[in-house]
Structure formats: C-alpha cells, structure tokens
Amino acid sequence: MTKKITIAIDGYAACGKSTLAKALAQALNYTFIDSGAMYRAVAFYCLEKQFVDNQGVIQKKQLEKFLSEIEIEMTPDQRIFLNKQDITDAIRTPRVANVVSQVATIKSVRSKLVELQHAMGKNGGIVMDGRDIGTVVFPDAELKIFVTASTEVRTARRLAELNATGAHVAANEVTKNLLERDYLDSTRLESPLKQAANAIVLDTTYLSREEQLQWALERVRLLITN
Ligand code: CDP
C-alpha cells in the first residue's frame, strides 16, 4: 500500500468514529486526527474563562473577542494542548460535552479549526474523524465513511469510557447528551452533520472493533489497488 490517501470518518456522537479512525491510522501508518477534540478544547476554554452564563449558554461575543488567543496543538501520541496546557483528559468530561455543540455552531470557531485541520491533512496519509470532514473539510477525500450505531449501544460505549475515568454518570444523562448533541449538530446552519453523497455507511451496532477495522481496511485496499 504505497499511495497515501485521505480518509474522512463522520457520524453521530459516540458511535465509534475515533476508535475506528485511530485503529485504521495505526494499521496504515497514517496520521490520526480527532477533530472533535479541537471543538472540545474551545469548549473547555469557554468554561475556564467563564464565558458561559447561568443557563449554560455560551457567550459568543466574549469567545469571539478572545478567539485569536486560543492556540491548539495536537501531538503524534494523541495529546492535546490548549495554550501549552495538556487538556487531553479534561476535555472528556460531561461538563465539556454539555456545551461543546453550542461552541461548534459558531462560524468563526469553525473557520479557525478547519484551517488547522487543512494544514494537518495537506499531505494526505491522514484519517480524520468528526462531523463535517467528508462534506466540508476534505470534500475530495478518497474514502468517506459515515458511522452509525443504535442509541443503546452508543450510550453503553460512552458510559464505559466515562466509568473507566472514574466519572459516575447516569445512563439516562449520557443518552440525553448524545441525542441533544446529535440534534444540534445536524440542524445547525454552519457545516451541519450529514452523510456525504459518496460516503459508505458503516453500522457498528453489532460489530467488534476488529470487524470494523477489517471492513475499513478492505475498502482502503480496493481503492489503492484500483
Ligand atoms: O466523540 P464524540 O462523538 O462524543 O464527539 P466528538 O467527536 O468529541 O465531538 C464533540 C462535538 O464537537 C460534536 O458533538 C460536535 O458538536 C463538534 N464537532 C463538530 O462540530 N465538527 C467536527 N468536525 C467534530 C466535532
């Protein structure tokens, strides 16, 4: 496999996009970029700066005033830094998950992050996952995968991840957040979550991680050898 392609993976919250993207990048010796982590970084910044009112609404004007001060760095070992601070674990909390989709509706935030994403993927050999990767960020990606899974399975997977970090969250709270984010992400004006016309759907509900990986690797093989 010599030709290095661009792989875009999109889909709903907690359906296994990052897990698949990471495994695929490792198998192909490509770079993996979790674009959602960047939106979570901006959401974390808003919480730290208290740019959120009592109702949990992001203060867009305040955020936009400080946007140029936000510096995000992602390292090859999958750590993410916000203005030199390692926030890799801090962005995975329900507190961040509760406001991230509001932040992701803001046009200026998206422009800034998409610019970074373009720079990271300019040489190909990349697997990037998110919501608008196949539609907006890399519309010419050679392989586009749209991942889905049942709400029950998505809840169970996210709950297990949260429990592993020692966070105790009720299952119904997790489901509520996933569905709220899906709604905001698919109905926003700026780059809404939607399946690209030429994306292939992968339903991960009944598939193991290994089965998902093999399915995706087969798609890559078909592209590279044709
Ligand atoms: O891992 P999970 O599915 O929970 O979400 P994520 O990939 O970490 O993304 C968090 C949030 O960032 C999403 O719910 C979207 O609101 C936003 N996002 C986006 O708008 N565009 C992207 N390319 C990636 C994430």
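Read the numbers this way: they start at 1 and go in the same order the structure lists the ligands and their atoms.
- Heavy-atom minimum distance, Thr135 versus Gln195: CG2-C, 4.5 Å.
- Side-chain polar atoms of Arg131 and Tyr12 form no donor-acceptor pair below 3.5 angstrom.
- Legend: salt bridge (Lys or Arg N to Asp or Glu O under 4.0 Å) pairs involving residues 115-127, not counting sequence neighbours: none detected.
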Applying side chain to side chain contact (heavy atoms under 4.5 Å, CB included), run through Thr88 and Phe81 and close with a yes or a no. CA-CA 7 Å; Thr88 313; Phe81 291 80; 5.7 Å; no
Show the distances, to 0.1 Å, for all pairs joining an N/O atom of ligand 1 and a protein N/O atom that are shorter than 3.5 Å, listing one pair per line.
unit_1	atom_1	unit_2	atom_2	d
ligand 1	1 (O)	Arg158	NH2	3.2
ligand 1	3 (O)	Ala14	N	2.8
ligand 1	3 (O)	Lys17	NZ	3.1
ligand 1	3 (O)	Arg131	NH2	3.2
ligand 1	4 (O)	Arg40	NH2	3.0
ligand 1	4 (O)	Arg158	NH1	2.6
ligand 1	4 (O)	Arg158	NH2	3.4
ligand 1	4 (O)	Arg181	NH1	3.1
ligand 1	4 (O)	Arg181	NH2	2.9
ligand 1	5 (O)	Arg131	NH2	3.1
ligand 1	5 (O)	Arg181	NH1	3.2
ligand 1	7 (O)	Arg131	NH1	3.2
ligand 1	8 (O)	Arg40	NE	2.6
ligand 1	14 (O)	Ser101	OG	3.2
ligand 1	14 (O)	Arg131	NH2	3.2
ligand 1	14 (O)	Arg181	NH1	3.0
ligand 1	14 (O)	Asp185	OD2	2.7
ligand 1	16 (O)	Ser101	OG	2.9
ligand 1	16 (O)	Asp185	OD1	2.6
ligand 1	16 (O)	Asp185	OD2	3.3
ligand 1	20 (O)	Arg110	NH1	2.8
ligand 1	20 (O)	Arg110	NH2	3.4
ligand 1	20 (O)	Arg188	NH1	2.8
ligand 1	20 (O)	Arg188	NH2	3.1
ligand 1	21 (N)	Arg110	NH2	3.0
ligand 1	23 (N)	Ser35	OG	3.0
ligand 1	23 (N)	Arg131	N	3.1
ligand 1	23 (N)	Asp132	OD1	2.8

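- Residues Ile7 and Phe138 are members of separate hydrophobic clusters, defined by side-chain heavy-atom contacts under 4.5 angstrom among Ile, Leu, Val, Met, Phe, Trp and Tyr.
- Defined by atom type and a distance below 3.5 Å, a donor-acceptor pair is present between the side-chain atoms of Gln214 and Glu210.
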